[in-house]
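Below you'll find the structure, written out as structure tokens, and then a few comments.
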Amino acid sequence: MKRIGLLGCGAMGTQIALAIDSGQIPATLTHIFDESKEKSALLIEKLANKPEIVENSHLLSSNPVDIVVEAASQDAVRDASLSVLQNKKDLLIMSVGALLDESIYDILSDACKDFKKTIYLPSGAIAGLDGIKSVKDELESVSITTTKHPRSLKGAKFFETSSSDINLDEINSSTVIFDGIAKEAVSLFPANINVAALLSLTGIGSEKTAVKIIADPNTDKNTHHIEARGKFGKMTLTIENHPDVNNPKTSRLAILSAIETLRKYCSDDIQIGT
Ligand SMILES: NC(=O)c1ccc[n+]([C@@H]2O[C@H](COP(=O)([O-])OP(=O)(O)OC[C@H]3O[C@@H](n4cnc5c(N)ncnc54)[C@H](O)[C@@H]3O)[C@@H](O)[C@H]2O)c1
């Protein structure tokens with residue numbers, strides 16, 4: 001049985017922990033950490049098999065786990081990832097936006113090789129990364145348009161720094177909030193647009209991946225529309241996600257994608273797909 005350490009006990013971390021506890025992921029959750037002690041305690045209450053709560057994120061990987069699962073924040077990725085690899089543990093990252101910082105990406109990529117460990121980035125709230133990966137060398141353009149209810153965009157750094165004076169509470173029809181490149185989008189909407197980071201890392205990079213973010217008060221979905229063109233032809237994908245009930249910024253598919261990635265990591269089985 002693989003042993004798992006969990007960093008982040010919010011909406012996603014809780015569902016991952018429950019999937020381990022129920023046997024859906026054939027593994028043992030041995031250690032957890034959240035900067036909010038309340039969140040870790042709340043999670044423990046929900047589990048039949050109780051993991052140990054550690055005092056800081058670095059203690060997750062100094063314990064005998066096989067993999068640390070990050071479901072916390074970009075800051076947590078910046079703070080803890082290198083020590084996980086140095087402690088010779090695999091790592092699954094959900095706050096993928098942190099990797100668009102090239103220095104972080106390069107340090108972690110080198111550490112994977114040096115310590116012979118793997119970082120897993122689940123497809124998250126989108127589908128089709130298998131196809132994008134296959135046509136990577138033939139891509140000429142990639143774009144993603146994300147449409148969410150204004151409440152799902154609340155709290156983003158963009159609204160503090162933007163001179164555009166957008167008040168999310170006053171939006172009464174579909175409104176383009178951001179039109180630019182992935183690199184910028186990920187730093188201005190860190191909790192909302194991990195999918196643009198994933199798409200960039202898989203395809204033609206964060207400076208060439210076009211991103212549009214639309215706030216629509218009439219939608220109850222998190223919708224991602226991806227278009228990729230090149231010598232191979234054209235790919236168009238639309239994913240209409242239901243937001244998680246506990247965190248409207250996070251889509252149900254993103255949670256299920258983390259669970260499936262971990263299930264695959266923990267199982268000896270036939271692996272389907274690219
Ligand atoms: N890859 C994807 O497609 C995708 C999709 C949705 C969410 N995400 C990302 O996954 C992460 C988790 O999402 P969520 O819905 O569970 O969020 P959440 O806000 O419900 O939970 C995050 C938890 O992590 C804790 N936390 C934050 N920073 C921390 C740190 N530095 N150290 C320890 N604990 C910390 C918080 O206290 C909170 O309990 C977020 O960063 C989110 O942006 C990725």
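Just so it is clear, the structure is predicted and the values come from calculations on it, not from any experiment. Whatever order the structure lists ligands and atoms in, that order sets their numbers, starting from 1.
With respect to atom 11 (C) of ligand 1, the closest heavy atom belonging to the protein is Ser95 OG, 3.5 Å. Atom 5 (C) of ligand 1 has as its closest protein heavy atom Ala254 CB, 3.3 Å. The nearest protein atom to atom 1 (N) of ligand 1, hydrogens excluded, is given as Met94 O, 3.0 Å; this is a heavy-atom distance. Summary of contacts: the protein heavy atom closest to atom 16 (O) of ligand 1 is Met12 N, 2.8 Å. At the top of the distance list for atom 20 (O) of ligand 1, counting protein heavy atoms only, stands Ala11 N, 2.9 Å. Of all protein heavy atoms, the one closest to atom 15 (O) of ligand 1 is Thr250 OG1, 2.6 Å. When hydrogens are left out, the protein atom nearest atom 30 (C) of ligand 1 is Glu35 OE1, 3.5 Å; that is the closest non-hydrogen contact. Ranking the protein heavy atoms by distance from atom 22 (C) of ligand 1 puts Ala72 O, 3.6 Å first.
Ionic pairing of Glu138 and Lys136 is not present here: no N-O contact between side-chain nitrogen and carboxylate oxygen is shorter than 4.0 angstrom. Salt bridge annotation for Asp220-Arg151: absent, with no cationic side-chain nitrogen under 4.0 angstrom from a carboxylate oxygen. Taking a cutoff of 4.0 Å between a charged side-chain nitrogen and a carboxylate oxygen, Glu260 and Arg263 qualify as a salt bridge. Contact check on Lys183 versus Glu102 returns a salt bridge, with a Lys/Arg side-chain nitrogen under 4.0 Å from an Asp/Glu carboxylate oxygen. Between Lys133 and Asp130 there is no salt bridge, since none of the side-chain N atoms of the basic residue sits less than 4.0 Å from a carboxylate O of the acidic one.
Residue-ligand proximity, Ala125 to ligand 1, at heavy-atom distances under 4.0 Å covers atoms 3 (O). The Ala76 neighbourhood of ligand 1 comprises atoms 30 (C), 31 (N), with distances under 4.0 Å to a heavy atom of that residue. Against a heavy-atom cut-off of under 4.0 Å, Leu7 is close to the following atoms of ligand 1: 33 (C). For ligand 1, the atoms sitting less than 4.0 Å from at least one non-hydrogen atom of Asn194 are 1 (N), 2 (C), 4 (C), 8 (N), 9 (C), 42 (C), 43 (O), 44 (C), numbered in the order shown with element in parentheses. Taking a cut-off of under 4.0 Å to the non-hydrogen atoms of Gly8, the atoms of ligand 1 that pass are 24 (O).
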Would Glu70 and Ser81 satisfy side chain to side chain donor-acceptor pair (under 3.5 Å), going step by step from the backbone distance to the final call? CA-CA 9 Å; Glu70 179 281 323; Ser81 296; over 6 Å; no
Verdict with reasoning, Val69 to Leu7, per side chain to side chain contact (heavy atoms under 4.5 Å, CB included): CA-CA 6 Å; Val69 174; Leu7 171 51; over 6 Å; no
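In this structure, Lys117 places its NZ atom where more than 12 heavy-atom neighbours from other residues, nucleotides or ligands lie under 6.0 Å away.
For atom 27 (C) of ligand 1, the nearest non-hydrogen atom from the set Ser36, Ser57, Pro243, Ser73 comes from Ser73. Nearest-heavy-atom check against atom 17 (O) of ligand 1 across Asn247, Ile255, Val77 picks out Asn247.
Of the heavy atoms in Lys39, only side-chain atoms (C-beta onward) come closer than 4.0 Å to ligand 1. At a heavy-atom cutoff of 4.0 Å, ligand 1 is contacted by no atom of Asp244, backbone or side chain.
For the side chain to side chain contact (heavy atoms under 4.5 Å, CB included) with Phe178, the lone residue among Ile214, Thr146, Ile213 that qualifies is Ile213.
Tyr265 carries Lys2 over the face of its six-membered ring, with the cationic atom under 6.0 Å from the centre and within 45° of the normal.
For the pair Leu6/Val68, no side-chain contact is recorded, criterion being any heavy-atom separation below 4.5 Å from C-beta on.
Taking 4.0 Å as the cut-off, Asp34 counts as a neighbour of ligand 1 on heavy-atom distance.
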